[in-house]
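Letters A, B, ... mirror the listed sequences (proteins, then strands); counts begin at 1. Bear in mind that the values here come from a model prediction, so they are computed numbers and not experimental data.
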Number of protein chains: 2
Amino acid sequence: MGIIELVSKIPLFHGLSREQLDEVVNILIDQTFERGQTIFSEDEEASGFFVVITGQVKIFKVSHEGKEQILHIFGHGESFGEVPVFGGGRFPANAETLAKSRLFFFPRAAFLKLIKKDPSLAMNMLSELSRRLRHFAHLIEELSLKEVPGRLAAYLLYLSERQGGKNELELDITKGQLASLLGTIPETLSRILGKISSQGLIKMQGRKLRILGRKALEDLAESGKLLL
Amino acid sequence: MGIIELVSKIPLFHGLSREQLDEVVNILIDQTFERGQTIFSEDEEASGFFVVITGQVKIFKVSHEGKEQILHIFGHGESFGEVPVFGGGRFPANAETLAKSRLFFFPRAAFLKLIKKDPSLAMNMLSELSRRLRHFAHLIEELSLKEVPGRLAAYLLYLSERQGGKNELELDITKGQLASLLGTIPETLSRILGKISSQGLIKMQGRKLRILGRKALEDLAESGKLLL
DNA sequence: CGGGTACTTGACAATGGTCAAGTGTGGTGG
DNA sequence: CCACCACACTTGACCATTGTCAAGTACCCG
């Protein structure tokens, strides 16, 4: 697929005219990363931001002792690393590929020029950052106000919805990464999966999973607490 | 002070021309809230956003069982409730005054018109939302990767810095609100304050507090763990 | 087939939340 | 001006949830 066509499918650039898309194509840099490569690290000086074309990228924080909290996992069409473009110069978190990935990189200065000229690009960016803020508000709520079983249940229901609302679903990340996304560790996740399996809420084999008690899962996601 | 002068001092509107400021003044609605009043609730339909002129507003989430997590406390010159202006229609959290407050309300449609015409207003908003994202990333890190003593130490150091870097400082919120800001409850906060007092890191009386062991506090804030 | 990684399980420790009771204090009204 | 009430805060005893450490199993890739 041509670059212009790829760019036109990125939500951030929806609604731009053909000429504007050309300008966007002119400033981007096409990059490929292997699985497990660091894209940038927290506090590193930022010279621009990225859009995922193929692959998966995780954005995360790491504690002193090495525990990791994933803030976001981005896939096709999503952008990351914009904050330092508008704020100050440094990345607020780390970025690493979860799979071999193709990324478009947009240099800061050239992109700022574009956005100042084009109100619809600015509006797209505002709505993207708003979506991001919503996501963070939700994540904070989960981490602070629910226990791990509640977060897990909410995640499974979200995944099911994203995969078409069916009761059969498949994790798109390892359980270790899922643990980090839920703000816990693999051991705890493993135990809780075992517990809700034995209670008949789900059936799990490998990365595939079937929801058997959707109602009970919903209660769990809402209350945030596991009985028993 | 005249409204135009108040508006010109709001960071969001820095760099606007006199004519643009006039337009801003034309669309705003001047409102007053008593202490403890609800400004909006989560999931409520939003028709615009707010800027704090005087007073204090907390933005927070509440769990099923009533535990509260404060996302942000806003004071003079700061704006809140912008997310639904750009994203979809509903507020992602609750807002309530901590003191009697004067707020300027900006209706969504009129504000969107302004921002589309004015690139510098759009850029100000982008940098404000970026700052907000940074704050959330930091909050998530604190909640997920540090224990309560670490969060408390980090907060005290932040407060000290905000109050001029001195070792004497004064809380601007109740300890109960502070607990909610740190993602814990008053009992736990009270115990930890007691513990670090008896270790000689701080001396606390009422809302006033003196830092006695800055180095030790810094270690604590960084490692996130309290020894002993 | 071998080796590393992902995952699971068990025993244990500890952080922090719950419940309950008590202390202190500021503000209001008698 | 003082008494009382409400509310903020503290303290104690208890316990649930979750993290740590250690070991063992399963599985995928070369």
Let me check the geometry of the helix from C/dC1-D/dG30 to C/dG30-D/dC1. What is the bend angle between the axes at its two ends, five pairs each, to 10°? 40°
Could you check whether the rings of A/F105 and A/F50 sit parallel, tilted or perpendicular, using 30° and 60° as the cut-offs? tilted
When rounded to whole Å, the CD to C1' distance for the pair A/Q205 and C/dT8 reads 16 Å
Taking DNA chain D as the partner, which of residues 173-189 of chain A come within under 4.0 angstrom of it by heavy atom? A/G183, A/T184, A/I185, A/E187, A/T188
So does B/R191 reach the base of C/dT18 with its side chain, donor to acceptor, closer than 3.5 Å? yes
B/L143 atom CG is separated from D/dT18 atom P, nearest whole Å, by 15 Å
Whole angstrom is fine here: how far is it from CD in A/Q69 over to P in D/dT18? 14 Å
Neighbour count >12 (heavy atoms, 6.0 Å) for atom CD, A/E161: no
Rounded to whole angstrom units, what separation is found between the CE atom of A/M204 and the P atom of D/dC27? 13 Å
What's the CG-P distance between A/L171 and C/dA6, to the nearest Å? 15 Å
A/A137 and B/K61 have their tightest heavy-atom pair at O-CE, 3.6 Å
Count the heavy atoms belonging to other residues, nucleotides or ligands that lie under 6.0 Å from CZ of B/R214, then report whether that count exceeds 12. yes
Distance, rounded to the nearest Å, where A/R35 contributes CZ and D/dC29 contributes P: 10 Å
Please encode protein proximity along nucleotides 23-29 of chain C as a string of B, S and -, counting only heavy-atom distances under 4.0 Å. -------
Name the one of B/R210, B/R162, B/K208 that satisfies salt bridge (Lys or Arg N to Asp or Glu O under 4.0 Å) with B/E170? B/K208
Whole-Å distance separating the CZ atom of A/R207 from the P atom of D/dA26: 19 Å
B/L193 atom CG is separated from C/dG16 atom C1', nearest whole Å, by 15 Å
Test B/L103 against every option in B/T32, B/I39, B/T54 by the side-chain contact (heavy atoms from CB on, under 4.5 Å) rule and name the one that passes. B/I39
For the pair A/F40 and A/F80, name the ring-plane relationship: parallel under 30°, tilted 30 to 60°, perpendicular over 60°. tilted
Are A/L133 and B/E82 packed together at the side-chain level, in the sense that at least one heavy-atom pair is separated by less than 4.5 angstrom? no
Among the nucleotides D/dG19, C/dT15, D/dT18, which one has an atom lying closest to any side-chain atom of B/E147? C/dT15
Quick one: are B/L71 and A/E141 in side-chain contact, heavy atoms under 4.5 Å? no
Do A/F13 and A/F106 have ring centroids that are under 6.0 Å from one another? yes
